[in-house]
Amino acid sequence: MLEIYGRASSSNVQKVLWLCEELGLPYCTAHDVPPGKAGTDDYKRVNPTGKIPTLVEPDGFTLWESNAILRYLGAKHASGTLWPGDLRVRADADRWMDWQACTIAPAATTVLYQTLRAKPEEKNPAALAAACQASRDAAGLLDAQLKGKAYIVGDAFTLADIALGQWVWRYVNLVEQRPAQPYLMAWYARLQDRPAYKKIVMTKLV
Ligand SMILES: N[C@@H](CCC(=O)N[C@@H](CS)C(=O)NCC(=O)O)C(=O)O
């Protein structure tokens, strides 16, 4: 059975759990620590970055970085479907996954932290406002990409939808004054039809 280290409320852990659910891969979870507490010395022996998730396979093969885990499991179990067989379609999905990690994640982390976790002395309204605006701008870009498509890189659901789908739940629930983004919202509605999305992602944000 696959072992997935990390708490189920973490956005990056949810990507991996969601993929396992989509593929029917048996898994168990471990190291369910509170936010900000993943980096213990014990855990760093498994993942030196001190971040979650980490995947450990039954033979001990260990991999961290959520999108790398998605690509690995996708190549192993969903080649030609969730991880597209066509090189250019796959590169397109890959590109949106990198964009999620590089552009969306920093803003999303600030929005979540400032909205739900910051102690009064840590509150930074300017940082929150900037991260909300960065999120609205990124959502606008994704909305344009989704025009005329059911999913991010075409008619089929891929790993790119998983990497970004966890975020849209957070965007809708935490960012106020969102502009009209009809293609993004139609995609979000499609994701909500997926049992694995409901089970893993549509949960209480903490
Ligand atoms: N680029 C990494 C980021 C991992 C990351 O920042 N994970 C957060 C949770 S979403 C974390 O470990 N935070 C520290 C903690 O919770 O102790 C990935 O995609 O796996």
Side-chain angles (χ1 to χ4, degrees), residues 2-23 25 27-57 61-76 78 82-83 93-119 122 124 127-128 131-132 134-135 138 142 152 158-175 191 196-197 199-206:
L2 300 176
E3 206 172 352
I4 296 156
Y5 281 66
R7 60 176 180 281
S9 61
S10 142
S11 57
N12 290 303
V13 174
Q14 286 183 357
K15 294 178 196 170
V16 179
L17 301 181
W18 180 7
L19 178 60
C20 288
E21 293 282 342
E22 292 281 350
L23 297 178
L25 297 175
Y27 64 87
C28 60
T29 51
H31 201 70
D32 187 7
V33 293
K37 302 285 181 211
T40 60
D41 287 348
D42 253 11
Y43 180 64
K44 282 187 178 164
R45 278 191 272 278
V46 181
N47 177 344
T49 70
K51 302 283 186 192
I52 48 176
T54 303
L55 169 76
V56 182
E57 289 194 311
F61 174 74
T62 299
L63 189 64
W64 40 266
E65 276 299 324
S66 58
N67 286 351
I69 298 171
L70 292 187
R71 291 181 186 105
Y72 171 71
L73 291 177
K76 191 166 178 178
L82 269 64
W83 196 219
D94 210 357
R95 170 242 309 268
W96 286 101
M97 292 169 77
D98 279 4
W99 181 72
Q100 177 273 322
C102 299
T103 303
I104 297 259
T109 301
T110 300
V111 170
L112 187 90
Y113 190 81
Q114 284 293 324
T115 311
L116 300 178
R117 295 187 193 159
K119 299 190 185 105
E122 294 171 330
N124 183 337
L128 176 60
C132 285
S135 302
L142 194 53
I152 293 174
T158 69
L159 298 186
D161 298 286
I162 292 186
L164 284 152
Q166 55 74 21
W167 164 75
V168 74
W169 170 247
R170 288 159 172 81
Y171 174 63
V172 167
N173 283 287
L174 298 178
V175 176
L191 297 182
Y197 189 71
K199 176 175 172 182
I200 301 294
V201 178
M202 296 175 69
T203 55
K204 186 172 157 44
L205 295 171
V206 287

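Both counts, for ligands and for their atoms, begin at 1 and track the order of listing.
- In summary, the side chains of W96 and Q100 do not present any donor paired with an acceptor at a separation below 3.5 Å, with no hydrogens or angles considered.
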Ligand-protein N/O pairs under 3.5 Å (ligand 1):
unit_1, atom_1, unit_2, atom_2, d
ligand 1, 1 (N), E65, OE1, 2.8
ligand 1, 1 (N), E65, OE2, 3.2
ligand 1, 7 (N), I52, O, 2.9
ligand 1, 12 (O), I52, N, 2.8
ligand 1, 16 (O), R7, NH1, 3.1
ligand 1, 16 (O), R7, NH2, 3.1
ligand 1, 16 (O), G36, N, 3.0
ligand 1, 17 (O), G36, N, 3.1
ligand 1, 17 (O), K37, N, 2.9
ligand 1, 17 (O), A38, N, 2.7
ligand 1, 19 (O), N12, OD1, 3.4
ligand 1, 19 (O), S66, N, 3.4
ligand 1, 19 (O), S66, OG, 2.6
ligand 1, 20 (O), S66, N, 2.8

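- The minimum heavy-atom distance linking L73 with L23 is given by the pair O-CD1, 4.4 Å.
- Shortest non-hydrogen contact noted between A131 and A107 is CB-O, 3.6 Å.
- In this structure, H31 and Y5 approach most closely via the heavy-atom pair CB-CD2, 3.6 Å.
- Residue pairs that meet the salt bridge (charged side-chain N to carboxylate O under 4.0 Å, His left out) test with at least one member in residues 33-42, sequence neighbours left out, are D42-R45.
- A donor-acceptor contact closer than 3.5 angstrom is absent between the side chains of Q14 and Y197.
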